[in-house]
Amino acid sequence: VKFKMLKHDPCGLICLCFTYLAVAYADYAVVRWILIEMIGNSIWTSIHAVSFNSLIFLLLFAHWRAVFTDPGTVPFPARKLDFSDLHSGNRASSEQKEGWTVCLKCEIYRPPRAHHCRTCNRCIRKMDHHCPWINNCVGERNQKYFLQFLIYVGAVAFYAAGLVVYAWFGECRDCFIESISFQHRVDTTAVEQVKGDNSGRTRRPKMSHLADVCGKGHPILWLFPCVSVPEPLSYNNGTYEV
């Protein structure tokens, strides 16, 4: 089977590029702004950098294999099949007796559990679905790589989240003064960070800052989107009230 390396699906091509950009940005953010800036000059920085990038490499390699591996395309026959007997019902083919079916779009006999993909316009053995994130079908021959890609994505996400928590709560004695100060500036908006505006913020425990954002209730309730947030401003008798 001559397998087309990349399918000309606009959505698939966009998702494919976005996947690599997202992974590249995640790698940059973790190494530059968490390991180097927040954890500091330590042997653990090198260990985490090697471990994290090893997972990134496995993620990208599994994704590459899922993209460029033929998912199990059913080949076209050397010549078109004669479906006259099938339509007349005079006799059934030997393929049908063994569970094979007919694809009226491809005009071929296809093995059991094969399905037609409207995006690829081909029948795929043990087709699960067409995934735009790999711009390919997930089928018999690349399902392993697709599952590995998902596993490594989860591992990278959990690893990055763990490093964020460690860098946030841990104390970096080897960091620069600016980095230590940055660890405590959790009450900073993106606009304030770009402008370098430090006014209006007070030095308080980190959990207090989180409570301002997520609500004053129990921290377990912060996981649910039903916790109250600060009340909006109101205008009363010429003054604003919170």
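If you're wondering where the values come from, they're calculated on a predicted model, not measured in any experiment. Residue numbers count from 1 along this sequence.
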Open item on the list: Test side-chain contact (heavy atoms from CB on, under 4.5 Å) on H115 and C123; report intermediate values, then the result.
Closed with: CA-CA 5 Å; H115 299 280; C123 286; over 6 Å; no
Task: Flag side-chain contact, heavy atom, 4.5 Å: V164 against V30 - done: no
Open item on the list: With clusters defined by side-chain heavy atoms of hydrophobic residues (ILVMFWY) lying less than 4.5 Å apart, directly or transitively, does V23 cluster with L35?
Closed with: yes
TODO: Please indicate whether F61 has more than 12 foreign heavy atoms, meaning atoms of other residues, nucleotides or ligands, lying under 6.0 Å from its CZ.
DONE: no
Task: Residue pair V74 / I108, side-chain heavy-atom distance below 4.5 Å - done: yes
Open item on the list: Is it the case that atom OH in Y20 sees more than 12 heavy atoms from other parts of the structure closer than 6.0 Å?
Closed with: yes
- [ ] Report yes or no: does D27 contribute a side-chain atom to a donor-acceptor pair with the main-chain N or O of N53 at less than 3.5 Å?
- [x] no
Open item on the list: Tell me if the CZ atom of R113 is crowded by more than 12 foreign heavy atoms within 6.0 Å.
Closed with: no
Open item on the list: Hydrophobic clusters here meaning ILVMFWY residues chained together by side-chain heavy-atom distances under 4.5 Å, can you tell me if L104 and Y109 are in one?
Closed with: yes
- [ ] Walk me through it: do H116 and C106 pass the test side-chain contact (heavy atoms from CB on, under 4.5 Å)?
- [x] CA-CA 8 Å; H116 185 84; C106 293; 3.3 Å; yes
Task: Heavy-atom side-chain proximity of C15 to N135 below 4.5 angstrom - done: no
- [ ] For the residue pair H130 and D9, establish whether any side-chain heavy-atom pair is separated by less than 4.5 Å.
- [x] yes
Task: Members sharing W44's hydrophobic cluster (side chains within less than 4.5 Å) - done: I43, I47
- [ ] Hey, could you give me the SG/CG distance between C11 and L16, rounded to the nearest 0.5 Å?
- [x] 11.0 Å
Open item on the list: Using only atom types and a distance under 3.5 Å, with no angle test, would you say the side chain of N136 pairs donor to acceptor with the backbone of V67?
Closed with: yes
Task: Audit row: T101, R110, side-chain hydrogen bond (donor to acceptor under 3.5 Å, both in side chains) steps and yes/no - done: CA-CA 5 Å; T101 57; R110 58 189 179 189; 2.9 Å; yes
TODO: Calculate, to the nearest 0.5 Å, the distance between atoms CZ and CD1 belonging to F52 and I34 respectively.
DONE: 7.5 Å
Open item on the list: Please give me the minimum heavy-atom distance between C120 and C117, naming the atom from each residue.
Closed with: N-SG, 3.3 Å
Open item on the list: Please determine whether residues F68 and L60 belong to a single hydrophobic cluster, defined as Ile, Leu, Val, Met, Phe, Trp and Tyr linked transitively by side-chain heavy-atom distances below 4.5 Å.
Closed with: yes
Task: With R125, the side-chain contact (heavy atoms from CB on, under 4.5 Å) member among P112, C137, P111 - done: P111
Task: Any N142 side-chain heavy atom under 4.5 Å of D70 side chain - done: no
Task: Joint cluster assignment, L55 & F57, ILVMFWY side-chain distance < 4.5 Å - done: yes
TODO: Please answer: with hydrophobic residues joined when any side-chain heavy atoms are less than 4.5 Å apart, are L58 and I134 in the same cluster?
DONE: yes
Open item on the list: Keeping R141 on the side-chain end and T69 on the backbone end, is there a donor-acceptor pair under 3.5 Å?
Closed with: no
Show the atom names and distances, to 0.1 Å, of all donor-acceptor pairs under 3.5 Å that link a side chain in residues 143-160 to residues at least two apart or in another chain.
residue, atom, partner, partner atom, Å
Y145, OH, R65, NH2, 2.8
Y159, OH, H48, ND1, 2.8

